[in-house]
Protein chains: 2
Amino acid sequence: MRPTTQEYDPRAFPPFAVTVDLAIFTVRASRLHVLLVQRGEEPYRGGWALPGGFVRPEESAGLAARRELSEETGLSHRTVQGLHLEQLRTYSEPDRDPRMRVVSVAYTALLPDLPEPRGGGDAALARWTPREAAAPLAFDHDRILADAHDRVSSKLEYTCLATGFCPAEFTLGELQQVYETVWGVELDRPNFRRKVLATPGFVEAVEGPPRRTGGRGKPAALYRAGAAATLHPPLLRPEGRQP
Amino acid sequence: MRPTTQEYDPRAFPPFAVTVDLAIFTVRASRLHVLLVQRGEEPYRGGWALPGGFVRPEESAGLAARRELSEETGLSHRTVQGLHLEQLRTYSEPDRDPRMRVVSVAYTALLPDLPEPRGGGDAALARWTPREAAAPLAFDHDRILADAHDRVSSKLEYTCLATGFCPAEFTLGELQQVYETVWGVELDRPNFRRKVLATPGFVEAVEGPPRRTGGRGKPAALYRAGAAATLHPPLLRPEGRQP
DNA sequence: TTCTTAATAGTCACTCTGACTATAAATAGA
DNA sequence: TCTATTTATAGTCAGAGTGACTATTAAGAA
């Protein structure tokens with residue numbers, strides 16, 4: 001806020017609309033997927049876009065993001081409440097929406113693999129889409145999605161975020177899958193294991209018999225997310241940080 | 001944007017105002033300072049706040065941030081154009097401004113030590129203030145400032161941002177000062193030197209005689225910022241990441 | 001000169017990591 | 001049942017990076 005001068009009166013201009021856009025990721029079948037909705041209106045009618053919506057007068061952007069997430073995915077209010085929703089950044093180019101001046105606060109979140117989003121209720125036609133197949137999107141959503149992917153990739157390096165992609169109990173192989181899928185690289189299994197187990201609070205062992213896999217091979221031990229939020233030392237990507 | 005439903009019409013409600021707030025840091029006399037302006041209007045009249053202002057209809061938030069920075073500091077348009085301005089996050093609590101619904105996009109930037117901001121022109125009374133002395137601030141600016149300090153601290157670990165605090169040519173001692181001042185810790189000089197020189201593209205040596213210091217001791221060699229933008233491996237804070 | 005100060009050079013042990021090899025525990029199929 | 005195959009887990013080893021040091025160099029001050 002400019003404190004002393006009054007060169008500019010915001011009420012003299014057409015107002016801004018404020019929206020949230022959501023980049024919601026999940027890992028299914030070893031591929032990174034993102035939640036998209038099909039637009040029913042112009043512009044970009046019939047095209048795909050990130051879910052989102054208007055911030056209402058009485059709510060913060062973060063609250064609006066949670067509300068929209070719950071509406072789009074059919075997740076319970078309670079589940080969404082406990083989720084880690086991360087504010088990505090705000091997109092404010094004047095021409096990003098041809099209809100009016102829309103400033104959008106983007107959020108990103110990670111979900112474990114879920115059933116297809118419910119199409120009913122007030123949710124638009126929504127679908128999990130492989131990340132590489134998610135283009136072109138409406139508005140500047142390609143850019144938002146790319147930024148979200150970057151952010152998630154780098155957050156995996158120094159936070160425990162990856163467990164957010166996993167169910168409550170998971171194997172180290174599944175956790176490694178998350179890293180490999182998001183980063184798009186292969187990791188050495190023994191080294192990954194050593195690193196994860198050496199990081200205090202990242203995962204904790206679950207007592208009891210291993211899960212029935214149905215597959216071949218020795219069944220893996222189960223773990224659940226630990227108490228730590230950040231990893232140190234970090235678990236860096238093979239090629240170092242991205243440019 | 002909600003694509004298919006029309007349960008909510010943003011035009012039916014009082015509009016949002018969109019502003020930018022700036023957390024501009026510098027290092028002077030081995031202390032971290034932040035640029036503050038004194039408010040001339042209610043609310044918080046006479047109190048200190050981060051500089052900032054309204055985003056105009058035809059400009060993006062990033063452009064508004066540059067414009068405000070130039071107005072507040074008196075820096076030339078050209079200088080501000082080349083600066084690294086980083087978007088921090090967006091603050092959107094409904095009650096953050098008692099007058100109306102204001103959503104603010106916060107930016108942060110690092111400057112080398114500069115003369116006191118010009119008080120003339122349309123700039124408010126502005127002053128460099130030691131970071132610890134910058135509280136309480138108007139609105140939610142204490143929170144924004146804390147977030148900005150966190151962000152800058154952690155960016156120093158894996159980017160070349162620190163050179164932004166330094167003049168065009170600087171000594172490794174001055175660069176180390178930046179790290180020590182922002183992080184609030186002391187670093188081992190030979191180790192810091194080794195680390196910086198081992199990171200390709202962080203700094204490059206300047207040919208020619210060392211700067212006249214006037215002080216005692218062996219004069220230090222001069223360096224300038226290198227071409228790299230990120231550091232790897234990172235230069236981590238002694239106590240690891242902050243919680 | 002000699003003392004003090006600050007920059008720079010070098011040492012050493014310890015940790016972490018990437019690239020491996022080896023072993024264990026399950027299933028599928030002969 | 002036996003064997004091959006698959007996957008999890010254990011362990012090894014050399015090289016890079018780091019923290020905590022000590023030593024040397026180059027300047028001004030006493």
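The sequence lines fix the lettering, A, B, ..., with proteins before strands; numbering per chain opens at 1.
- For the pair B:Arg216 and C:dT4, the criterion of a side-chain N or O lying under 4.0 Å from OP1 or OP2 is not met.
- Atom CD of A:Gln177 is separated from atom P of D:dA8 by 10 Å (rounded to the nearest Å).
- A donor-acceptor contact under 3.5 Å is formed by the side chain of B:Arg194 with the base of D:dG19.
- The CG-P distance, from B:Asn191 to D:dC21, rounds to 11 Å in whole Å.
- Separation of atoms OG (B:Ser154) and OH (A:Tyr158) is listed at 6.0 Å; rounding is to 0.5 Å.
- Atom-to-atom, NE2 of B:His232 to P of C:dC16 comes out at 21 Å; the value is rounded to the nearest Å.
- Proximity note for A:Ala220 (side chain, C-beta onward) versus D:dT9, D:dC21, C:dG18: the nearest is D:dT9.
- When ring centroids are compared, B:Phe192 and B:Tyr179 come within the 6.0 Å threshold.
- Nucleotide C:dT17 holds its P atom 16 Å from the CZ atom of A:Arg193, rounded to whole Å.
- If you take CG of B:Leu231 and P of D:dT18, they are 10 Å apart, rounded to a whole angstrom.
- Among the atoms of the strands shown, only primed sugar atoms or phosphate atoms (P, OP1, OP2) are found under 4.0 Å from some heavy atom of B:Ala221.
- For D:dT7, neither phosphate oxygen OP1 nor OP2 lies less than 4.0 angstrom from any side-chain nitrogen or oxygen of A:Arg189.
- Toward the 5′ end of DNA chain D lies the nearest nucleotide of A:Pro190, the other residue of the pair B:Lys195 and A:Pro190 mapping further downstream.
- Mapping A:Leu235 and B:Leu197 onto DNA chain C via the closest heavy atom, the residue that lands nearer the 5' end is B:Leu197.
- With a 6.0 Å radius and a threshold of 12 heavy atoms from other residues, nucleotides or ligands, B:Arg127 has its CZ atom at or below the threshold.
- In summary, B:Arg143 and B:Asp147 engage in a salt bridge, as defined by a charged side-chain N under 4.0 Å from a carboxylate O.
- Between the CD atom of B:Glu186 and the P atom of D:dC21 there is a distance of 14 Å, given to the nearest Å.
- The distance from atom CG of B:Leu236 to atom P of C:dT17 is 11 Å, rounded to the nearest whole Å.
- The distance between atom CG of B:Asp188 and atom P of C:dA6, rounded to the nearest whole Å, is 15 Å.
- A salt bridge links A:Asp21 to A:Arg96: one of the charged nitrogens lies within less than 4.0 Å of a carboxylate oxygen.
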